[in-house]
Amino acid sequence: MPPAEPSAESDAIPAGRGSAERSGTERSRPERPISERTGSERTGSEPFRERSGGREDGGAGVEDTLDLELTEELLALIAGDRDTGAARTRVTHELLGDPGAWPPAATTAGEFALLPVRPERDLAVVSRWMNDPAVAAFWELAGPESVTADHLRPQLEGDGRSIPCLGVLDGTPMSYWEIYRADLDPLARHYPARPHDTGIHLLIGGVHNRGRGVGTTLLRAVADLVLDNLPLCGRVVAEPDLRNTPSVSAFLSAGFRFSAEVDLPDKRAALMIRDRTYRAQL
């Protein structure tokens with residue numbers, strides 16, 4: 001159930017993954033309320049969740065994405081899929097529809113669109129992002145491509161309650177998102193869920209896009225895309241790790257409000273909510 005971003009927003013990492021995938025016993029982490037924290041307590045980035053027993057070193061000998069260059073072939077495939085709609089080969093699900101068919105959002109960072117993941121095209125780049133140590137510390141999906149593939153498979157073969165997507169900015173894939181039905185997720189056991197609550201997890205894949213406001217801009221854009229294209233959804237929710245002050249700050253700057261502290265199986269989280277009712281004011 002992830003996102004994160006560095007500096008005033010930890011654009012860096014994931015906002016995490018869904019509690020449904022968590023394992024291990026619950027860990028009690030006594031944390032001070034956000035109001036009592038100081039800037040020195042920031043961790044710098046956070047993918048959404050942390051699985052108990054996972055490696056925080058990102059895996060031995062794994063390269064990070066500081067110098068990751070996307071191949072011309074991948075960029076051409078993505079451009080072609082966006083132009084022709086070839087990426088949308090699966091049946092649109094009733095739960096979330098097809099984010100790949102949602103119109104792109106015009107943002108201050110550029111034109112942004114969600115493109116549903118296709119493993120044969122996207123697995124290599126998503127796996128590389130997951131092996132960035134900053135991302136791996138929270139998503140805990142470092143390792144060979146099969147680790148990322150195993151994470152994607154249940155979503156791609158499921159009933160559409162969670163849809164993994166690339167975030168494409170001005171034609172370049174630069175982030176990974178999971179759009180999911182929070183009211184149908186184990187997260188709903190930990191807060192007063194409402195029908196059609198929709199959650200988001202994210203990670204920013206390139207260091208050059210972190211720490212300069214891009215994460216906050218895209219969080220707002222994706223929340224707006226959800227609310228614009230899912231008329232039954234009244235709230236967009238997220239649960240970044242409460243220790244990740246930059247991530248929480250990014251959500252606040254993106255129009256989310258802090259609702260509560262919630263104890264999830266592997267972390268204490270900040271429940272962040274963006275309400276359809278107040279979106280014009282925030």
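- With hydrogens and angles disregarded, no donor-acceptor distance shorter than 3.5 Å links the side chain of R194 to the backbone of R235.
- Between the OH atom of Y180 and the CG atom of D197 there is a distance of 9.5 Å, given to the nearest 0.5 Å.
- Pairs of residues two or more places apart, or lying in two chains, that qualify as salt bridge (charged side-chain N to carboxylate O under 4.0 Å, His left out) and include a residue from residues 250-259 are R257-D275.
- R153 is linked by a side-chain hydrogen bond (donor to acceptor under 3.5 Å, both in side chains) to D150, counting only residues two or more places apart in sequence or in another chain.
- The closest donor-acceptor contact from the side chain of D241 to the backbone of A269 lies at 3.5 Å or more, if one exists at all.
- The two atoms that bring R274 and D224 nearest to each other are NH1-OD1, 2.7 Å, heavy atoms only.
- For the pair W177 and L225, the minimum side-chain heavy-atom distance is 4.5 Å or more.
- Considering CZ of F258 and CG of L252, their distance stands at 9.0 Å, rounded to 0.5 Å.
- For the pair V222 and F112, the minimum side-chain heavy-atom distance is below 4.5 Å.
- The two residues A182 and L187 have their closest heavy-atom pair at CB-CD2, 4.3 Å.
- In this structure, OH in Y176 is found 8.0 Å from CG in L141, a value given to the nearest 0.5 Å.
- In this structure, CG in D159 is found 7.5 Å from CG in L184, a value given to the nearest 0.5 Å.
- Residues L242 and A270 share a closest heavy-atom pair of CD1-CB, 3.7 Å.
- Counting heavy atoms from C-beta outward, R268 and V262 have side chains that stay 4.5 Å or more apart.
- Contact record, T107 with A221: CG2-CB, 3.8 Å, taken as the closest heavy-atom pair.
- Taking 4.5 Å as the limit, every side-chain heavy atom of V147 sits out of range of all side-chain heavy atoms of S127.
- Proximity of M174 to L218: side-chain heavy atoms (C-beta onward) are separated by under 4.5 Å at one or more points.
- Side-chain contact between I163 and L95: absent, with no pair of heavy atoms (C-beta onward) separated by less than 4.5 Å.
- Residues P195 and L232 form no side-chain contact, since every pair of their non-hydrogen atoms from C-beta on lies 4.5 Å or further apart.
- Of all non-hydrogen atoms in I204 and G215, the two that sit nearest each other are CD1-CA, 4.4 Å.
- Considering every non-hydrogen atom in both N229 and P103, the closest pair reads OD1-CD, 3.7 Å.
- The CG atom of L169 sits 7.5 Å away from atom OG of S175, with the distance rounded to the nearest 0.5 Å.
- Every residue meeting the side-chain contact (heavy atoms from CB on, under 4.5 Å) condition with L227, not counting sequence neighbours, appears here in chain and number order: C233, V236, R276, R279.
- In terms of the salt bridge (charged side-chain N to carboxylate O under 4.0 Å, His left out) criterion, E157 has no residue partners (sequence neighbours excluded).
- Proximity of D266 to E140: side-chain heavy atoms (C-beta onward) are nowhere separated by under 4.5 Å.
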#### Entry: Chi angles and distances behind the side chain to side chain donor-acceptor pair (under 3.5 Å) call for S162, E178
CA-CA 6 Å; S162 181; E178 292 174 353; 4.9 Å; no
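- Residues that satisfy the side-chain hydrogen bond (donor to acceptor under 3.5 Å, both in side chains) test with Q281, not counting sequence neighbours, are absent from this structure.
- For P154, there are no side-chain contact (heavy atoms from CB on, under 4.5 Å) partners, not counting sequence neighbours.
- The line from CE of M130 to OG1 of T148 is 5.5 Å long, rounded to the nearest 0.5 Å.
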